[in-house]
Q: 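My questions will all concern the structure given below.
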Amino acid sequence: MPRNISEKRRNKLIRILDGNLNQNLIGHLFLNARTHNIQKVEDLSMLIEKWRKPTETRRNLQTFSLGADGLGATVFLWDASGKEVKTSNTPVVFAVMEEIKTTLDERIKEVETQIKF
């Protein structure tokens, strides 16, 4: 029994547990606890997946190397209709890479704050 409930309430709970509803109540309590724990595990799994994707992308960006001269690096963007924007401008490529890293770092931190055991 929890210690933070009043003596009167504790006695009432004991009478209920000792009564005819004992098995049904205990079964109901265990079912609710199990359902709650399953929901917590499912929520945690979803959060872990939300964390894993940007973390893997961030790790891949760490290994992605741009040449010191910036040559050979190109950024491509496509919209929903298939239109393409392409640039090899070194400052633009570096800026896009930094923005992606910053955004991923923010997203990772946001999800990490939501993960509670």
Q: Going from OG1 on T74 to NZ on K86, what distance comes out if it is rounded to the nearest 0.5 angstrom?
A: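 Between T74 OG1 and K86 NZ, I get 6.0 Å after rounding to 0.5 Å.
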Q: Determine whether the side chains of D43 and Q39 contain a donor N or O and an acceptor N or O closer than 3.5 Å.
A: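 Q39 and D43 do have a side-chain donor-acceptor pair below 3.5 Å.
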Q: Are I115 and M46 grouped together when hydrophobic residues (ILVMFWY) are joined by side-chain heavy atoms under 4.5 angstrom apart?
A: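 I115 does not cluster with M46.
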Q: Between T103 and E99, does the side-chain contact (heavy atoms from CB on, under 4.5 Å) criterion hold? Intermediate values first, please.
A: CA-CA 6 Å; T103 302; E99 185 60 33; 3.3 Å; yes
Q: Between the side chains of E106 and K109, is the shortest nitrogen-to-carboxylate-oxygen separation below 4.0 Å, so that they form an ion pair?
A: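 Salt bridge flag = no for E106 with K109.
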Q: Show your working on side-chain contact (heavy atoms from CB on, under 4.5 Å) between I108 and W51 and close with a plain yes or no.
A: CA-CA 6 Å; I108 291 166; W51 174 84; 3.6 Å; yes
Q: Salt-bridge test for E98 and K101: reply yes if a basic N is under 4.0 Å from a carboxylate O, no otherwise.
A: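 Salt bridge: yes.
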Q: To the closest 0.5 Å, what do you measure between CZ (R58) and CZ (R107)?
A: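 Answer for the CZ-CZ pair, R58 versus R107, is 15.5 Å.
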Q: Which atoms form the tightest heavy-atom contact between P54 and L104, and what is the distance?
A: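 Shortest heavy-atom separation between P54 and L104 comes out as CB-CD2, 3.7 Å.
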Q: Just verifying a value: how many Å separate T63 OG1 and R59 CZ, rounded to the nearest 0.5 Å?
A: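 The CZ atom of R59 is 9.5 Å from OG1 of T63, to the nearest 0.5 Å.
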Q: Would you compute the distance between atom CG of D105 and atom CD1 of I100 and round it to the nearest 0.5 angstrom?
A: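 CD1 of I100 is found 12.0 Å from CG of D105.
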Q: Quickly, which of T87, N89, V75 forms a side-chain contact (heavy atoms from CB on, under 4.5 Å) with V96? Name it, please.
A: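 Filter result, single survivor: V75.
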